[in-house]
Amino acid sequence: MLETLKSLQQEVQAIRPSSAEELESFRLKYLSRKGIIPSLFDELKQLPSEQKKEVGKPLNELKQYAEGKLKEWTAQLAERAGQGEAPADLTLPPVPNTLGSLHPLTLTRYKIIEIFERLGFSVADGPEIEDDWHNFSALNFPENHPAREMQDTFFIEKSPDVLLRTHTSNVQIRLMEKQRPPLRAIMPGRVYRNEAISARAHCFFHQVEGLYVDRNVGFADLKQTLYHFSREMFGKDTKIRLRPSFFPFTEPSAEIDVSCFICHGKGCNICKHSGWVEIAGSGMVHPNVLRHVNIDPEEFTGFAFGMGIERVTMLRYGINDLRLFSENDVRFLRQFKAVF
Ligand code: DAH
């Protein structure tokens with residue numbers, strides 16, 4: 001009997017009820033009328049009187065201990081409940097899980113990539129911190145040539161050869177240095193210009209460059225590719241128009257306009273009432289550029305183009321201020337939930 005009391009004492013000590021249910025089953029098991037402790041008192045009555053003395057004291061102690069614990073735990077649980085951990089209301093609507101959305105420029109970039117990938121173009125990447133050769137000289141902008149004037153950028157005084165690229169055309173050179181034709185790639189990325197920031201100009205923006213070099217690539221391929229692209233991007237009834245232009249790295253060069261898909265040529269604010277909007281520069285890769293990367297211009301020809309991603313995005317969504325793209329205002333950004 002003494003042994004039993006000892007182990008019961010240990011058992012009760014080890015119990016830590018954490019809920020009202022556990023506390024109640026503790027009470028039932030040890031202290032209720034049919035519980036272990038009262039039944040030990042019944043047994044006690046049967047014992048001879050010397051043993052009664054011996055066992056009576058520790059049994060009473062056990063009972064007091066258990067009752068004390070019961071009181072203490074009851075108070076503790078009541079206090080915890082009072083601290084207001086209200087039971088969960090499963091009928092309440094869920095806390096909204098605010099997913100972010102893709103940036104509008106990302107949506108446009110994805111769409112452009114998707115269209116050109118279907119035409120067999122791969123996607124290439126190049127550095128934003130560039131040297132003079134890849135950004136200018138290899139692209140047939142000789143030093144001190146006035147064409148450099150249009151693309152002022154940020155230089156480092158101590159290393160005048162290092163600059164922030166002014167266009168994605170540098171990746172044309174990097175790609176042709178590494179790979180031989182046939183070459184078909186588009187090259188999206190960020191570019192920089194030293195320009196005063198306004199609704200229409202920024203010190204950085206994004207372009208997608210395109211390059212196709214192979215035997216017998218002609219101007220008709222350029223035109224057809226960009227026509228196909230424009231119809232996929234802006235709608236099946238889109239028309240394109242090529243205007244003669246100048247870029248040092250293409251000959252001949254052309255500016256690509258698409259028919260205004262807002263007013264369908266009737267004239268509106270977006271197209272400044274001309275019915276056309278400019279989306280890219282383009283042309284046939286200049287033989288000097290091919291020579292700079294050891295590709296024989298007698299054997300290979302190619303076309304190239306460079307498109308402004310901001311431009312296309314502003315047209316797509318009717319956005320009229322370039323600064324909105326980089327201000328990180330969620331009221332602007334969260335409007336572009338649409339999956340491309
Ligand atoms: N790099 C030119 C610019 O930023 C755009 C451009 C024009 C790219 C003609 C081309 C091209 O590849 O063929 O103004």
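No hydrogens, no waters, no symmetry mates; every other heavy atom, side chains included, goes into these values. Atoms within each ligand, like the ligands themselves, are counted from 1 in listed order.
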(request) Run down the list Glu255, Arg193, Glu209 and name the one with the heavy atom closest to atom 12 (O) of ligand 1. (result) Glu209
(message) Check this for me - ligand 1, Phe305, N or O atoms closer than 3.5 angstrom, yes or no?
(response) yes
(request) Would you mind listing which atoms of ligand 1 come within a distance below 4.0 Å of any non-hydrogen atom of Gln207? (result) 3 (C), 4 (O)
(message) What's the separation between atom NE2 in His134 and atom CG in Leu163, rounded to the nearest 0.5 Å?
(response) 11.5 Å
(request) Identify, by atom number and element, the atoms of ligand 1 in contact range of Gln172, meaning under 4.0 Å from any of its heavy atoms. (result) 12 (O)
(request) Identify, by atom number and element, the atoms of ligand 1 in contact range of Thr250, meaning under 4.0 Å from any of its heavy atoms. (result) 13 (O)
(request) Quick one: look up the protein heavy atom nearest atom 5 (C) of ligand 1 and list residue, atom name and how far away it is. (result) Gly306 CA, 4.1 Å
(message) For ligand 1 and Ser169, I'd like to know whether there is a polar contact (N/O to N/O, distance under 3.5 Å).
(response) yes
(message) Within ligand 1, which atoms have a heavy atom of Gly283 less than 4.0 Å away?
(response) 13 (O)
(request) Specify side chain, backbone, both or neither for Met150, according to which of its non-hydrogen atoms lie closer than 4.0 Å to ligand 1. (result) neither
(request) Give the numbers and elements of all ligand 1 atoms closer than 4.0 Å to a heavy atom of Phe247. (result) 7 (C), 9 (C)
(request) Check the side chains of Thr91 and Asp89 for a donor-acceptor pair under 3.5 angstrom, ignoring hydrogens and angles. (result) yes
(request) To the nearest 0.5 angstrom, please state how far the CZ atom of Phe26 sits from the CD atom of Glu11. (result) 9.5 Å
(request) Examine the proximity of ligand 1 to Ser282 and report which part, side chain or backbone, both or neither, has a heavy atom under 4.0 Å away. (result) backbone
(message) Just verifying a value: how many Å separate Ser39 OG and Tyr30 OH, rounded to the nearest 0.5 Å?
(response) 12.0 Å
(request) Under the side chain to side chain donor-acceptor pair (under 3.5 Å) rule, what do Asn216 and Thr301 come out as? Steps first, then yes or no, please. (result) CA-CA 6 Å; Asn216 301 317; Thr301 50; over 6 Å; no
(request) Indicate, as side chain, backbone, both or neither, the part of Phe249 found under 4.0 angstrom from ligand 1 when only non-hydrogen atoms are considered. (result) side chain
(request) Answer yes if the ring centres of Tyr317 and Phe336 are under 6.0 angstrom apart, and no otherwise. (result) yes
(request) Before signing off on this row, confirm whether Thr166 and ligand 1 have an N or O atom pair separated by under 3.5 Å. (result) no
(message) Please determine whether the number of non-hydrogen atoms from other residues, nucleotides or ligands lying under 6.0 Å from atom CD of Glu299 exceeds 12.
(response) yes
(message) Given the ring of Phe116, does Arg118 sit roughly above its face, with NZ or CZ under 6.0 Å from the centre of the six-membered ring and within 45° of the axis?
(response) no
(message) Please confirm whether Gln151 approaches ligand 1 to less than 4.0 Å, judged on its heavy atoms.
(response) yes
(request) Starting from the C-alpha separation in whole Å, work towards a yes-or-no answer on side-chain contact (heavy atoms from CB on, under 4.5 Å) for Glu278 and Ile256. (result) CA-CA 6 Å; Glu278 183 193 316; Ile256 312 281; over 6 Å; no
(request) Using distance alone, decide if ligand 1 has a nitrogen or oxygen within less than 3.5 Å of any nitrogen or oxygen in Ala304. (result) yes
(request) Could you tell me if the ring centre of His167 sits under 6.0 Å from that of Phe247? (result) no
